Chemist: 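The structure follows.
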Protein chains: 2
Amino acid sequence: MNINKNHAVTAQDVATKAGVSRAAVSRTFTNNGSVAKETREKILKAAQELGYQVNFLAQGLNRKRSQLIGVVVARLSDPFRSRLLEGLLSEIQNKGYQALVTEIGNPKDLEETIRRFTQFRVSGVVVTSGQPPTGLVKECVQHNIPVVGINRHMDIKDVDFICSDNQMGATLAAQQLIDSGCHKLAWLNYKESTWSGVSRGEAFRNAIEQKQAEQVLNLIQITALQDGYEGGRSAAKLFCRSDERVEGVFCANAQLACGFLDGMREEGFDAPRDFHLIGFDDTELTAQYSYRLTTIGQDIEETAARALSCLEARGRDATTEPRFEVVPVKLVLRNTSPALFC
Amino acid sequence: MNINKNHAVTAQDVATKAGVSRAAVSRTFTNNGSVAKETREKILKAAQELGYQVNFLAQGLNRKRSQLIGVVVARLSDPFRSRLLEGLLSEIQNKGYQALVTEIGNPKDLEETIRRFTQFRVSGVVVTSGQPPTGLVKECVQHNIPVVGINRHMDIKDVDFICSDNQMGATLAAQQLIDSGCHKLAWLNYKESTWSGVSRGEAFRNAIEQKQAEQVLNLIQITALQDGYEGGRSAAKLFCRSDERVEGVFCANAQLACGFLDGMREEGFDAPRDFHLIGFDDTELTAQYSYRLTTIGQDIEETAARALSCLEARGRDATTEPRFEVVPVKLVLRNTSPALFC
DNA sequence: TCACAAAATGAACACGTGTTCATAGTTCTG
DNA sequence: CAGAACTATGAACACGTGTTCATTTTGTGA
């Protein structure tokens with residue numbers, strides 16, 4: 001069929017075979033402009049037989065925009081991060097785009113990364129990194145590339161944000177702990193936490209303060225010197241060596257929570273026997289038998305869907321009013337703070 | 001500086017500003033052809049001031065090859081998969097490429113996926129999926145796109161493979177279990193396992209058979225009806241209800257192993273008290289206090305590096321002899337089968 | 001049948017780059 | 001010093017597509 005094997009079949013080939021002009025082929029595949037029904041059929045048949053497929057590079061060059069969407073991720077080893085990426089990939093592909101994924105190690109790489117995005121004329125950029133790449137995001141905006149941030153509020157003009165409802169999550173956690181009879185509460189977070197963590201902590205404090213009108217409650221803060229599982233574990237050990245006592249703990253994320261639980265176990269304490277524990281982010285890990293952690297579950301599919309919706313909206317009209325959308329969360333009751341039977 | 005804000009600065013702009021031809025600009029940025037030292041400096045200065053950056057779409061169109069590398073992943077929620085992706089991303093970026101990541105849910109999506117890769121004229125494709133996309137891989141080969149598979153042997157012409165040393169891993173595991181005094185051994189795998197799993201099982205059986213010359217050993221097979229953590233857990237429960245007894249278990253992957261351990265715990269057994277347990281894949285999860293699983297650790301960085309090396313080699317010369325490279329693994333001793341003090 | 005609107009079509013341009021080719025300038029060599 | 005070898009440079013073409021703009025064909029109502 002294809003005489004020259006090394007020559008990728010082009011729209012011209014299809015046009016020649018179908019006996020029409022190349023413009024007609026282009027119109028057929030973009031559904032742009034009008035083309036007679038039988039002509040379209042001839043073209044589609046010829047394309048099918050030749051195995052024609054549009055060259056996205058040429059298409060993007062012409063349209064000044066590719067079907068690519070840049071995704072900035074960090075620390076994929078964190079289960080929540082990888083689940084979020086999974087959700088984003090799924091959504092991106094469903095909408096007919098392709099994901100250009102970049103992991104940033106040290107922040108200085110990020111400049112080059114975003115630059116590459118613009119060089120590929122991406123249709124949009126999703127930033128899931130905790131560290132805010134302010135300068136580069138501005139560069140994108142300047143290049144007219146829509147940007148959306150996830151779980152991270154940045155004070156940048158013309159950028160949208162999707163965020164899980166930290167307020168709601170913290171309130172649910174506070175409610176559950178208090179209803180379970182906890183009076184001495186703790187908030188566990190990493191020392192140099194991301195914005196999400198800080199935001200959840202503030203919301204938790206507010207929720208507790210509000211409840212203090214009804215009953216006497218005590219809130220202390222436990223600070224982890226590392227992030228992730230190990231951070232939570234050493235925080236627990238340190239905490240046990242102090243003479244503090246606590247009945248209910250709320251953690252900034254699931255990794256910290258699992259680590260904290262394991263650290264407490266090493267010291268002879270366990271949940272829910274000796275204290276209640278609630279984490280943020282409902283990952284596979286938290287559901288496992290060894291943890292069975294009660295958590296605040298984020299709606300990843302909804303988050304991803306809204307992120308892409310933002311990108312598309314801003315792609316159509318760059319002057320859209322910046323959105324700051326909040327996605328509802330839910331309380332997932334498991335063993336470390338079990339359901340109440342009233 | 002830039003008069004027309006909506007007009008991306010092009011090589012022609014740089015040429016005009018520097019008072020040279022556009023060809024000189026191209027030569028400067030590609031290090032192709034010769035350009036006088038002072039001319040180059042003029043051009044670089046002008047480019048710097050204008051903020052010029054090469055349009056990768058145009059470049060790719062011309063070169064018939066983009067700086068993109070397609071990565072096919074599946075089940076990112078599996079910690080090992082996401083760590084592998086992390087390693088690949090890092091290597092891809094270090095080599096100056098960009099990753100086009102696609103997650104495939106059901107296998108029928110994969111055809112369209114690979115088609116998209118070819119439409120973007122990727123420089124190579126990395127397949128990490130367990131399911132073998134034979135047809136599409138062939139399509140890539142036909143389009144002269146290098147393909148490399150990871151941890152999956154496929155019988156396809158002109159495709160390279162990188163694989164962790166399952167033979168070595170299984171032998172190390174057998175040695176450790178036997179040296180620890182286990183005589184009744186079991187191999188746990190998912191019913192419809194990937195090639196990796198099957199390969200590890202065969203190697204384990206071989207290793208045991210070899211050892212049987214010296215002492216009497218017993219090997220049974222435990223089959224999980226699901227994959228992943230839950231598969232391991234239910235397999236353990238089922239196993240306990242049988243009257244079989246076992247002293248050392250080797251699992252096809254870490255998720256199965258963690259699940260199996262938790263399942264056994266639910267039934268009142270624990271490792272290493274009642275049996276020894278070794279898994280494959282050393283992930284963050286296995287290191288955590290609640291599991292402290294002895295595992296076979298894969299060298300992800302090395303695997304990723306070799307994968308890219310294969311792609312580049314085949315990119316230079318498509319007729320290279322197909323490689324099947326084996327990456328050494330190591331035994332990571334932890335609690336479920338502790339180190340021996342001889 | 002005619003006038004006119006609407007649909008269909010192809011020629012031509014634009015997108016931004018890499019690379020070949022011929023030419024002018026420069027250095028080397030015997 | 002003449003010729004050769006080499007470096008530097010710009011004009012021109014190719015890459016494969018989308019889209020505009022005339023032009024031709026078709027359809028419609030009177």
Side-chain angles (χ1 to χ4, degrees), chain A residues 2 4 6-44 46-47 50-68 116 118-121 123 143-144, chain B residues 2 4 6-44 46-47 50-68 116 118-121 123 143-144:
Chain A
N2 193 351
N4 183 352
N6 284 354
H7 161 62
V9 32
T10 161
Q12 183 61 63
D13 300 338
V14 177
T16 309
K17 177 161 180 124
V20 297
S21 78
R22 194 182 55 73
V25 177
S26 182
R27 275 191 278 262
T28 302
F29 279 87
T30 56
N31 286 325
N32 216 339
S34 63
V35 37
K37 193 184 166 194
E38 53 187 24
T39 311
R40 150 172 275 121
E41 283 168 359
K42 267 194 304 185
I43 291 175
L44 287 178
L50 261 54
Y52 169 71
Q53 46 196 47
V54 177
N55 182 327
F56 283 158
L57 299 178
Q59 182 183 73
L61 172 61
N62 191 313
R63 287 186 170 163
K64 299 167 186 287
R65 184 135 308 192
S66 68
Q67 303 186 36
L68 296 172
R116 289 233 186 102
T118 70
Q119 292 186 273
F120 275 112
R121 301 291 188 265
S123 291
H143 278 74
N144 238 338
Chain B
N2 192 351
N4 183 353
N6 286 353
H7 162 63
V9 32
T10 159
Q12 183 61 62
D13 299 340
V14 177
T16 310
K17 177 162 180 126
V20 297
S21 78
R22 194 183 55 74
V25 178
S26 182
R27 274 191 279 263
T28 302
F29 278 87
T30 56
N31 287 325
N32 214 339
S34 65
V35 37
K37 191 184 166 193
E38 51 187 25
T39 310
R40 151 172 274 121
E41 282 168 359
K42 267 195 303 184
I43 290 175
L44 288 179
L50 263 52
Y52 168 71
Q53 45 196 47
V54 177
N55 182 327
F56 283 158
L57 299 178
Q59 182 182 75
L61 172 60
N62 191 313
R63 288 186 168 161
K64 298 168 186 289
R65 185 135 308 191
S66 68
Q67 304 185 37
L68 296 172
R116 289 232 186 103
T118 70
Q119 292 186 272
F120 275 112
R121 301 290 188 267
S123 292
H143 278 74
N144 236 339

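In what follows, chains are A, B, ... by sequence order, proteins preceding strands, each numbered from 1. Nothing here was measured: the structure is a model prediction, and the numbers come from that model. Only this structure's heavy atoms are used, side chains among them; waters, hydrogens and symmetry mates stay out.
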Chemist: It should be established whether Lys64(B) places a side-chain nitrogen or oxygen under 4.0 Å from OP1 or OP2 of nucleotide dG16(D).
Modeler: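 Lys64(B) to dG16(D) OP1/OP2: side-chain N or O found under 4.0 Å.
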Chemist: Quick check on DNA chain D: between Val35(B) and Val25(A), whose nearest nucleotide comes earlier from the 5' end?
Modeler: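 By nearest-heavy-atom nucleotide position, the 5'-most residue is Val35(B).
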Chemist: Rounded to the nearest Å, what distance is computed from the CZ atom of residue Phe29(B) to the P atom of nucleotide dT17(C)?
Modeler: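 Going from Phe29(B) (CZ) to dT17(C) (P), I get 9 Å.
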Chemist: Within the distance-only criterion (no hydrogens, no angle test), does the side chain of Ser66(A) pair as donor or acceptor with the backbone N or O of Phe120(A) below 3.5 angstrom?
Modeler: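 Present.
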Chemist: For Thr10(A), answer base if it contacts any base atom (sugar-phosphate contacts may also be present), sugar-phosphate if it contacts only those atoms, and nothing otherwise; contact means non-hydrogen atoms under 4.0 Å.
Modeler: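 Sugar-phosphate: the residue Thr10(A), judged by heavy atoms under 4.0 Å, touches backbone atoms but no base.
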Chemist: At under 4.0 Å, does any side-chain N or O of Thr39(A) touch on OP1 or OP2 of dA8(C)?
Modeler: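 No.
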Chemist: Measure from the side-chain heavy atoms of Ala36(B) and tell me the nearest of dG18(D), dC15(D), dT9(D).
Modeler: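 Nearest to the side-chain atoms of Ala36(B), counting from C-beta on, is dT9(D).
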Chemist: Can you see which heavy atom on Gly51(B) is nearest to which on Val9(B), and at what distance?
Modeler: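 Shortest heavy-atom separation between Gly51(B) and Val9(B) comes out as O-CG1, 3.8 Å.
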Chemist: Can you tell me the distance, in whole Å, between the CZ atom of Arg27(B) and the P atom of dG16(C)?
Modeler: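 So the CZ-P distance, Arg27(B) to dG16(C), works out to 20 Å.
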Chemist: Can you tell me the distance, in whole Å, between the CD atom of Gln12(A) and the P atom of dA12(C)?
Modeler: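 Rounding to the nearest Å, CD of Gln12(A) and P of dA12(C) are 13 Å apart.
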Chemist: Which distance, rounded to the nearest 0.5 Å, do you find between the CG of Leu44(A) and the OH of Tyr52(A)?
Modeler: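 Rounded to the nearest 0.5 Å, the CG-OH separation comes out at 11.5 Å.
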Chemist: Do any side-chain nitrogens or oxygens of Ser34(B) fall under 4.0 Å of OP1 or OP2 in dT7(D)?
Modeler: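 For dT7(D), neither OP1 nor OP2 has a side-chain N or O of Ser34(B) closer than 4.0 Å.
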Chemist: Using a 4.0 Å cut-off on heavy atoms, which residues in residues 52-63 of chain A reach DNA chain C? List them by number, or say none.
Modeler: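 The stretch gives Leu61(A), Asn62(A) as the residues lying under 4.0 Å from the strand, ordered by number.
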Chemist: Do the non-hydrogen side-chain atoms of Leu57(B) and Arg65(A) ever get within less than 4.5 Å of each other?
Modeler: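 Heavy-atom side-chain distance check fails, nothing below 4.5 Å.
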Chemist: In this structure, how many angstroms lie between the C1' atom of dT25(D) and the CD atom of Glu38(A), rounded?
Modeler: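 Rounded to whole Å, this separation is 12 Å.
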Chemist: What is the distance, to the nearest angstrom, from the CG atom on Asn32(B) to the P atom on dT9(D)?
Modeler: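 Going from Asn32(B) (CG) to dT9(D) (P), I get 15 Å.
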Chemist: Rounded to the Å, how far apart are Glu41(B) CD and dA8(D) C1'?
Modeler: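 Rounded to whole Å, this separation is 15 Å.
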Chemist: Check whether any side-chain heavy atom of Lys37(B) lies under 4.5 Å from a side-chain heavy atom of Glu41(B), and answer yes or no.
Modeler: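 Yes, their side chains come closer than 4.5 Å.
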Chemist: To the nearest Å, give me how far apart CG (Asp13(A)) and C1' (dC15(D)) are.
Modeler: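 Taking CG of Asp13(A) and C1' of dC15(D), I get 13 Å after rounding.
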Chemist: Between the base of dG18(D) and the side chain of Arg22(A), is one N or O donor paired with an acceptor at under 3.5 angstrom?
Modeler: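 Yes.
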Chemist: Measure CD/Gln119(B) against P/dC15(D) and give the value in whole Å, please.
Modeler: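 In whole Å, dC15(D) P lies 19 Å from Gln119(B) CD.
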Chemist: Are the side chain of Asp13(B) and the backbone N or O of Thr10(B) linked by a donor-acceptor pair below 3.5 Å?
Modeler: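 Yes, the answer is positive, given that a donor and an acceptor are paired below the 3.5 Å cut-off.
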Chemist: With side chains defined as the heavy atoms from C-beta onward, is the minimum distance between Gln59(B) and Gln67(B) less than 4.5 Å?
Modeler: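 Heavy-atom side-chain distance check passes, below 4.5 Å.
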Chemist: Hey, does Ala23(A) reach any base, or is it just sugar-phosphate, or nothing, if we go heavy atoms under 4.0 Å?
Modeler: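 Base, at least one base atom sits under 4.0 Å.
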